[in-house]
Protein chains: 2
Amino acid sequence: MVVQEETKLIGSVAKESGIPIKTIRYYEELGLLKTMGRTEGGFRLFSADVFARLNFIKRAQKLGLSLLEIREFLEIHDQGDLPCDRVQESLRNKLIEVDRQIQELQILRRELGRLLAGEAILPQNSAATICPIIEQV
Amino acid sequence: MVVQEETKLIGSVAKESGIPIKTIRYYEELGLLKTMGRTEGGFRLFSADVFARLNFIKRAQKLGLSLLEIREFLEIHDQGDLPCDRVQESLRNKLIEVDRQIQELQILRRELGRLLAGEAILPQNSAATICPIIEQV
DNA sequence: TTGATCTCTCCAGCCCACTAGAGAGTCAAG
DNA sequence: CTTGACTCTCTAGTGGGCTGGAGAGATCAA
C-alpha cells in the first residue's frame, strides 16, 4: 500500500502521539478527529495536523474539559470565522470559569505548601458555620 | 432525638452544603469524612467542621484531583505533623503538577480568547511533525 | 400511639472515557 | 501466493464517581 505523502495510518499516529489506537478511533467516532478518507480496504488515513489536534485534546482534557466540550471548541476552530452569539456566550463563560480555576489552583498550591510544612489546612476545631477555608486562604 | 449541641444529622449537612446525602455517605465510606459517632438508632452524627472538609473536597475535585488523592491530603492534614518522606515526595510532585496545570490553563485562556476573536487556534494546513500548538502559544 | 419524615444498608444502574477481545479483512515483502 | 503485521467493526467490560430504589428501622410532633 502506498500511503500518500502526507497521510498516516492509525498505527503510526498512535505511535508518534503516544495515544492508543483504540482511543484515536474513539475520538474519531465522537467527531473530535477527522480523517482524510480511507484506503480502498477501509484503513483510516490521517493528515499530519492530527497531532496538533490530539495535543489540544490531551491538554484540554487534563484541564477538566469533557470530550464534548473539546469537540465544540474544535468545531468552532474548524468553522474558521467568528462564532455565533450563543457560542460566544459559552466561550465567555468558559473563560470566566478558567480564570476561577486558575485562582483556585493557586489556593491549592499554597495549601499543599502548608501541608509540606506540617501546617494544618483545615480548621481543626472550628465553630464556623460558613466554611472558613475560602476566606482563610 | 436530641442532637448534641455541635452535631448534625446527614440531612442537614446535605442541605447546608448542597451535597446530596448519598454522596456524603459515599465520602464517608471512602474515608474522606469522619463522623463523631452515631445515635443509638445508628444515625450518623457530624461535627460542624464537616463543611470545611466538604468544601475542600469539592474544590480539590474541581481541580482534577481524584477522591483518593484528596483523601491522602486530608489524612496528612489529620495527622497534624510533618508528613513522612514518601508523602513529602508525593506532595512536592503534586505541587509541580499544579504549577504546570496553572500554566496550561493560562494557555487555554489565551486560546479561548482567540476563538472568541475568530482566530484559529490550530494550524489549518501544517506540515509540522512536532505539534506546533505548544511552541506556538 | 400513630403518622410523617428522617435515616439506615444493600444492591443495582448510569455516565464518561476508555479498553479488551473476537473474528475478519488488508497490505507489503519475500 | 503466502506470511505476518496491520487494520477493520462490533460487542462487552472496566473504573471512578455517583445516584436510585427497596425495605426496614429511628425520631419526633400531635
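Residue numbers start from 1 in every chain, and the chains themselves are labelled A, B, ... in the order their sequence lines are given, proteins ahead of strands. From a predicted model like this one, the values you see are computed outputs, not experimental measurements. What you see below is based on every heavy atom in this structure, not just the backbone, and it leaves out hydrogens, waters and symmetry mates.
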ask   = With respect to the phosphate group of C:dC18, does any side-chain polar atom (N or O) of A:Gln61 fall under 4.0 Å of OP1 or OP2?
value = yes
Separation of C:dT26 atom C1' from A:Glu40 atom CD, nearest Å, is 11 Å
Comparing nearest nucleotides in DNA chain C, the 5'-proximal residue of the pair A:Gly41, B:Gly11 is B:Gly11
Check whether A:Glu69 reaches the backbone of A:Lys94 with its side chain - one donor and one acceptor, N or O, closer than 3.5 Å. no
Separation of D:dG25 atom P from B:Arg38 atom CZ, nearest Å, is 17 Å
Rounded to whole Å, the NZ-P distance (B:Lys8 to C:dC6) equals 15 Å
B:Leu9 CG to C:dC8 P, in whole Å, measures 8 Å
When rounded to the nearest 0.5 Å, the distance separating CG of A:Asn93 from CD of A:Gln88 is 12.0 Å
Comparing B:Leu67 with B:Gly42, nearest DNA chain D nucleotide closer to 5' gives the residue B:Leu67
Touch class at under 4.0 angstrom, heavy-atom based, for A:Ile21 against every strand present:
sugar-phosphate
Next on the checklist: So, does B:Thr39 get its side chain near the phosphate of D:dT27, meaning an N or O under 4.0 Å from OP1 or OP2?
Outcome noted: yes
B:Ile10 CD1 to C:dT5 C1', in whole Å, measures 15 Å
Between B:Gly11 and B:Ile21, the two heavy atoms sitting closest are CA-CD1, 4.1 Å
Contact under 4.0 Å: A:Tyr27 side-chain N or O vs C:dC18 OP1/OP2:
yes
Run the side-chain donor-acceptor check on residues 26-35 of chain B: report pairs under 3.5 Å with partners two or more places apart or on a different chain.
from	atom 1	to	atom 2	distance (Å)
B:Glu28	OE1	B:Arg44	NH1	2.5
B:Lys34	NZ	B:Gly31	O	3.4
B:Thr35	OG1	B:Gly37	N	3.2

Item to complete: Check step by step if side chain to side chain contact (heavy atoms under 4.5 Å, CB included) holds for B:Gln79 and B:Ile76.
Response: CA-CA 5 Å; B:Gln79 228 100 76; B:Ile76 298 172; 5.6 Å; no
TODO: List the steps and the verdict of side chain to side chain contact (heavy atoms under 4.5 Å, CB included) for B:Glu6 and B:Met36.
DONE: CA-CA 10 Å; B:Glu6 298 97 344; B:Met36 304 196 57; 5.7 Å; no
Between CD1 of A:Ile24 and P of D:dC6 the distance, given in whole Å, is 14 Å
Side-chain atoms of B:Phe43 come closest, of C:dC8, D:dG17, D:dC8, to C:dC8
Any side-chain N or O of B:Arg44 below 4.0 angstrom from OP1/OP2 of C:dC8?
yes
When every non-hydrogen atom of B:Ala14 is compared with those of B:Pro20, the smallest separation belongs to CB-C, 4.3 Å
What one should report as the nearest heavy-atom pair of A:Gln101 and B:Lys62 is NE2-O, 3.7 Å
Using a cut-off of under 3.5 Å, enumerate the N/O to N/O pairs linking the protein to nucleotides 19-22 of chain D.
from	atom 1	to	atom 2	distance (Å)
D:dT19	OP2	B:Thr23	OG1	3.3
D:dG20	N7	B:Lys22	NZ	3.1
D:dG20	O6	B:Lys22	NZ	3.4
D:dG21	N7	B:Lys22	NZ	3.4
D:dG21	O6	B:Lys22	NZ	2.1

Here the distance between atom C1' of D:dT7 and atom CG of A:Leu45, to the nearest Å, is 11 Å
Any stem touching DNA chain C, meaning at least three consecutive Watson-Crick or G-U pairs under 3.5 Å, ordered by first number, would be C:1-30 with D:1-30
Correct closest heavy-atom pair for A:Val13 and A:Phe51 would be O-CE2, 3.7 Å
When B:Ile70, B:Val98, B:Ile57 are each screened for side-chain contact (heavy atoms from CB on, under 4.5 Å) with B:Leu65, the one that passes is B:Ile70
To the nearest angstrom, the CG-C1' distance between A:Leu30 and C:dC18 comes to 10 Å
